[in-house]
Novice: 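Structure provided below as structure tokens; questions to follow.
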Amino acid sequence: MTRLAPIDGPEQGSGDIGMTTREQQLTEAFVALSDTFDDAVDPLVLLGRLVRHSVALTAVDAAGVMLVNARGSLRPAVSTEYATELTEIWQAQIQQGPCAEAFTTGLPVHAADLESHKDRWPHFALRAQAAGYQSAHALPVFLRGQTIGALNLLAHHPVALTAAETRLLRALTDVAATAVISWDHHPLGPQDITRRTQSALSGKALFDTASGMLAATADITPAQAGSHLHAYALHHHRRPTDIADDLVHRRITPQSVLPPGSP
């Protein structure tokens, strides 16, 4: 499972002296999401920035992104909490819930209080509430008129997103989608977009495998292992998926990635 470490964009507290904290956060979010020129950036890193900024800039507690695979099915790509990814897996399996609906209709979906949406999504609502969420929202992820996924937004208490928050999330999602698909700077056709979303999902599977290896080696959770992998990649100015590939193919050892003192 790909859970995420703290935002790895521009340092908090930097920026123009006359800029308010809110303005500074917005500027940092858009700069971080549009950065496709850093060799250490890959699709999962960019999507990770999107979900973390979505939580930081709105009233939701957790966020995730689902991408469509080559077979046209939604699959989890990144999330800020383990329980968030579980809700995405449930939505993909039962084809029910805000992400599934946003992807199918191409429209934002809002359920400020899941208790009142049990008739709409009977299975999803119960499972999301059991995971600790009382509110769920989703936005479709578009690129050049093609729906490539959905942004999943969850809260532990009933939360209604304002129109301004929805517009902001739409803008952040549009920037991130363009960056994710365009990060290698080659012209794109419709089939290229599908291949690159599939590539991002393949990168997630690789990352999860490597995180599992680290977790088993150090007797820690996959989330903790993922944080160590991200930190190691950041320190060495490399993409996390490249480090994951090196781990899976035994080009580096788990001990070299884990902090000193780990088993």
Side-chain angles (χ1 to χ4, degrees), residues 1-9 12 21-22 24-26 28-30 32-33 44-67 74-92 96-103 108-118 120-121 123-141 149-173 175-176 204 208 211 221-224 226-227 230:
M1 304 286 184
T2 308
R3 263 83 54 202
L4 301 159
I7 293 171
D8 60 350
Q12 298 294 329
T21 301
R22 178 68 174 180
Q24 184 176 316
Q25 287 178 317
L26 291 173
E28 290 172 348
F30 282 103
L33 290 174
L44 294 182
V45 169
L46 291 167
L47 290 175
R49 292 174 181 175
L50 170 63
V51 295
R52 289 191 294 264
H53 282 296
S54 295
V55 172
L57 292 168
T58 67
V60 302
D61 297 306
V65 171
M66 301 183 76
L67 293 176
L74 285 175
R75 292 292 182 267
V78 298
S79 61
T80 58
E81 294 182 358
Y82 175 71
T84 304
E85 187 157 351
L86 285 181
T87 69
E88 294 173 341
I89 292 171
W90 295 333
Q91 290 185 74
Q96 181 186 107
C99 268
E101 192 169 311
F103 176 74
V109 176
H110 299 289
D113 188 351
L114 279 173
E115 186 66 28
S116 62
H117 288 266
K118 286 186 175 179
R120 182 180 186 180
W121 308 310
H123 301 296
F124 168 78
L126 287 174
R127 291 180 176 182
Q129 287 178 315
Y133 300 116
Q134 298 299 325
S135 184
H137 307 265
L139 274 69
V141 179
L151 174 65
N152 188 28
L153 304 150
L154 300 163
H156 298 303
H157 304 284
V159 167
L161 292 179
T162 66
E165 286 177 321
T166 301
R167 287 193 298 271
L168 171 60
L169 290 167
R170 172 80 277 151
L172 292 172
T173 302
V175 171
K204 180 205 180 305
D208 286 352
S211 295
T221 68
Q224 291 171 321
S227 295
H230 272 290

Novice: Is the shortest heavy-atom distance from the side chain of L153 to the side chain of L139 under 4.5 Å?
Specialist: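 When only atoms from C-beta onward are counted, L139 and L153 do touch, with a gap below 4.5 Å.
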
Novice: Please identify each residue that fulfils salt bridge (Lys or Arg N to Asp or Glu O under 4.0 Å) with R120, with sequence neighbours left out.
Specialist: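 Salt bridge (Lys or Arg N to Asp or Glu O under 4.0 Å) check on R120 returns E101.
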
Novice: Answer yes or no: is there a side-chain heavy-atom contact under 4.5 Å between L67 and R75?
Specialist: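 Side chain of L67 against side chain of R75, heavy atoms only: no contact under 4.5 Å found.
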
Novice: Any idea which heavy atoms bring M66 and C99 closest together, and the distance?
Specialist: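 Scanning both residues, the minimum pair turns out to be SD-CB, 3.8 Å.
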
Novice: Looking at H123, is its backbone amide N or carbonyl O close enough to the side chain of Q96 to form a donor-acceptor pair, meaning the two atoms are under 3.5 Å apart?
Specialist: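 Such a contact is found between Q96 side chain and H123 backbone.
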
Novice: Under the salt bridge (charged side-chain N to carboxylate O under 4.0 Å, His left out) definition, can you give me all pairs with a residue in residues 151-170, not counting sequence neighbours?
Specialist: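 For residues 151-170: R170-D174.
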
Novice: Write down the atom of A100, the atom of L74, and the distance for their closest heavy-atom approach.
Specialist: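 Result for this residue pair: CA-CD1, 4.1 Å.
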
Novice: Test side-chain contact (heavy atoms from CB on, under 4.5 Å) on L172 and L57; report intermediate values, then the result.
Specialist: CA-CA 11 Å; L172 292 172; L57 292 168; 4.1 Å; yes

Novice: Considering non-hydrogen atoms only, spot the tightest contact between I89 and P76 and give its length.
Specialist: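 In terms of heavy atoms, the two residues are closest at CG1-CG, 3.8 Å.
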
Novice: Which residues pass the ring-ring contact (aromatic ring centres under 6.0 Å, His included) test with H157, sequence neighbours left out?
Specialist: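 Once residues adjacent in sequence are excluded, H157 has no partner under the ring-ring contact (aromatic ring centres under 6.0 Å, His included) criterion.
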
Novice: Do any N or O atoms from the side chain of T84 and from the backbone of T80 form a donor-acceptor pair under 3.5 angstrom?
Specialist: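 Such a contact is absent between T84 side chain and T80 backbone.
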
Novice: Heavy atoms only: give me the nearest P140-A102 pair and the separation to one decimal.
Specialist: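 Smallest interatomic distance, heavy atoms only, reads CB-O, 3.5 Å.
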
Novice: I'd like to know if the side chain of S135 reaches the main chain of V159, judged simply by a donor and an acceptor atom lying under 3.5 Å from each other, with no hydrogens or angles considered.
Specialist: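 Yes, S135 side chain to V159 backbone: donor-acceptor pair under 3.5 Å.
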
Novice: Check whether any side-chain heavy atom of L154 sits under 4.5 Å from a side-chain heavy atom of T87, and report yes or no.
Specialist: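 They are in contact (side-chain heavy atoms under 4.5 Å apart), so the answer is yes.
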
Novice: Applying side-chain contact (heavy atoms from CB on, under 4.5 Å) to L44 and L46, what does each step give before you reach the verdict?
Specialist: CA-CA 5 Å; L44 294 182; L46 291 167; over 6 Å; no

Novice: Output all residues satisfying side chain to side chain contact (heavy atoms under 4.5 Å, CB included) with Q129, sequence neighbours left out; order by chain, then residue number.
Specialist: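 If we apply the side chain to side chain contact (heavy atoms under 4.5 Å, CB included) test to Q129, skipping adjacent residues, the hits are L114, E115, K118, L126, Q134.
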
Novice: If you take all heavy atoms of E81 and D61, which pair is closest and at what distance?
Specialist: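 Nearest pair, atom of E81 first, then D61: OE2-O, 3.6 Å.
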
Novice: Using side chain to side chain donor-acceptor pair (under 3.5 Å) as the criterion, list what pairs up with T221, not counting sequence neighbours.
Specialist: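 Checked T221 against side chain to side chain donor-acceptor pair (under 3.5 Å); matches are Q224.
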
Novice: Within the 4.5 Å heavy-atom criterion, are P222 and D208 side-chain neighbours or not?
Specialist: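 They are not in side-chain contact.
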
Novice: Taking ring-ring contact (aromatic ring centres under 6.0 Å, His included) as the definition, give me every residue that meets it alongside Y133, ordered by chain and number, with sequence neighbours left out.
Specialist: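 For Y133 the ring-ring contact (aromatic ring centres under 6.0 Å, His included) partners, ignoring immediate neighbours, are H156.
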
Novice: Take the angle between the ring planes of W121 and H117 and call it parallel below 30°, perpendicular above 60°, tilted in between.
Specialist: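 Geometry flag for H117 against W121: parallel rings.
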
Novice: Taking all heavy atoms of S79 and all of E85, pick out the closest pair and write down the distance.
Specialist: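 Heavy-atom minimum between the residues: OG-OE1, 3.4 Å.
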
Novice: What's the spacing between Q91 CD and N152 CG if we round to 0.5 Å?
Specialist: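 The CG atom of N152 is 5.5 Å from CD of Q91, to the nearest 0.5 Å.
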
